[in-house]
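Below, all heavy atoms of this structure are taken into account, side chains as well, without hydrogens, waters or symmetry copies.
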Amino acid sequence: MQLEEALRKKCFTFLSFHQPETDEESEVLRAAKALRLAKTLRDEKRRLRNEREKHQEMMATLEKQQETYPSVLLRCLSLLRQAASDLRLKAQSELDKMNVEYLETKSNALFLKLRMEELQVLTDTYTAEKVEIHKHIRSSLEAAVKSEKTELSASRQILASYEFLGTQFEELVKEYTQLRDKIKDNRWAIEELSKTVP
């Protein structure tokens, strides 16, 4: 009986140490919790072991991270340096583009100014009277060109009708050429005779 009482006290002491809030509870409730204390301690031991393993894993991971941290930091610095260089090149490219656009605009303005000067010279050179004369000359030339085109079209139609005759046309042309040459020779002979006759 004394052994039982000693064990019960020992269990309650463990329970009080593990769960101090049970000191205020009834003895029956404390006895029930004391019976489950072994399982609770096993579960807690398992949980603590798992927590210790996790802690060890985390420590190992932390050590690896601490080892890789300098190289990662150097890589980040290299990337930042590269990004800054790219940004500077991009800014320079944009600045060059803006300079090109400015020079193009300035060049266009100079061309427009030159064109304006050219138009001013033309305005000073060609008065309203001269322009009217040029218009008159142009209309005369256009009328002459129109007349020539009409004549050319008529000649082409005549030529087409002659070509339609085929070989007969060629014979007529030869005969006409011979007659023309004879007339020319006869005129020359008459002129020569008239020179010799007083």
Side-chain angles (χ1 to χ4, degrees), residues 47-181 183-185 187-188:
R47 184 182 62 79
L48 287 173
R49 189 182 302 120
N50 290 338
E51 291 291 329
R52 188 180 298 117
E53 287 174 359
K54 285 181 185 177
H55 179 71
Q56 287 174 350
E57 287 175 8
M58 287 175 65
M59 289 301 293
T61 305
L62 183 63
E63 285 178 11
K64 285 180 183 176
Q65 287 177 347
Q66 286 175 342
E67 288 173 7
T68 58
Y69 179 75
S71 62
V72 170
L73 186 60
L74 288 173
R75 176 69 179 147
C76 288
L77 287 171
S78 172
L79 289 172
L80 280 172
R81 194 175 295 115
Q82 181 66 38
S85 175
D86 291 346
L87 188 63
R88 189 173 350 117
L89 288 173
K90 186 179 178 185
Q92 185 63 43
S93 172
E94 288 176 1
L95 182 63
D96 290 345
K97 186 179 177 184
M98 286 168 50
N99 283 337
V100 166
E101 288 175 0
Y102 167 74
L103 290 173
E104 283 179 355
T105 306
K106 191 173 180 181
S107 174
N108 288 337
L110 285 172
F111 282 130
L112 287 173
K113 190 173 181 181
L114 285 172
R115 179 65 180 150
M116 191 177 74
E117 292 294 330
E118 182 184 348
L119 291 173
Q120 186 63 45
V121 168
L122 289 173
T123 305
D124 293 343
T125 304
Y126 296 105
T127 60
E129 187 180 302
K130 288 180 181 178
V131 170
E132 283 301 319
I133 291 169
H134 283 162
K135 283 182 181 177
H136 180 67
I137 293 169
R138 181 175 182 157
S139 64
S140 300
L141 290 173
E142 284 176 350
V145 167
K146 188 175 180 183
S147 172
E148 288 295 326
K149 283 183 178 178
T150 306
E151 192 176 328
L152 178 62
S153 176
S155 299
R156 283 182 177 161
Q157 287 177 355
I158 293 168
L159 183 60
S161 64
Y162 283 140
E163 286 177 349
F164 179 72
L165 295 173
T167 55
Q168 292 176 355
F169 173 71
E170 290 179 10
E171 290 172 5
L172 286 173
V173 169
K174 284 179 184 176
E175 189 177 335
Y176 170 76
T177 306
Q178 289 171 359
L179 287 172
R180 193 182 60 187
D181 290 342
I183 291 168
K184 188 178 177 183
D185 291 342
R187 279 186 184 160
W188 179 78

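- Between the CD atom in Q56 and the CD atom in E51 there is a gap of 12.0 Å [rounded to 0.5 Å].
- Not counting sequence neighbours, the partners of R115 by the side-chain hydrogen bond (donor to acceptor under 3.5 Å, both in side chains) test are E118.
- Checked against side-chain hydrogen bond (donor to acceptor under 3.5 Å, both in side chains), E57 has no partners two or more places apart in sequence or in another chain.
- For D185, there are no side chain to side chain contact (heavy atoms under 4.5 Å, CB included) partners two or more places apart in sequence or in a different chain.
- Here Q178 contributes atom CD and I183 contributes atom CD1; the two are 12.0 Å apart, rounded to the nearest 0.5 Å.
- Considering only residues two or more places apart in sequence or on other chains, L95 meets the side chain to side chain contact (heavy atoms under 4.5 Å, CB included) condition with Q92, N99.
- With sequence neighbours left out, Q120 forms a side-chain hydrogen bond (donor to acceptor under 3.5 Å, both in side chains) with D124.
- Partners of D181 according to the side-chain hydrogen bond (donor to acceptor under 3.5 Å, both in side chains) rule, which considers only residues two or more places apart in sequence or in another chain, do not exist here.
- The side chain to side chain contact (heavy atoms under 4.5 Å, CB included) check on R81 picks up nothing, with sequence neighbours excluded.
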Only pairs under 3.5 Å count here: list side-chain donor-acceptor contacts from residues 137-151, not counting sequence neighbours, and write none if there are none.
from, atom 1, to, atom 2, distance (Å)
R138, NE, E142, OE2, 3.2
S139, OG, K135, O, 3.4
S139, OG, H136, O, 2.8
S140, OG, H136, O, 3.0
T150, OG1, K146, O, 2.9

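- Not counting sequence neighbours, the partners of H134 by the ring-ring contact (aromatic ring centres under 6.0 Å, His included) test are Y126.
- Within the structure, side chain to side chain donor-acceptor pair (under 3.5 Å) contacts touching residues 100-114 (residues at least two apart or in different chains) do not occur.
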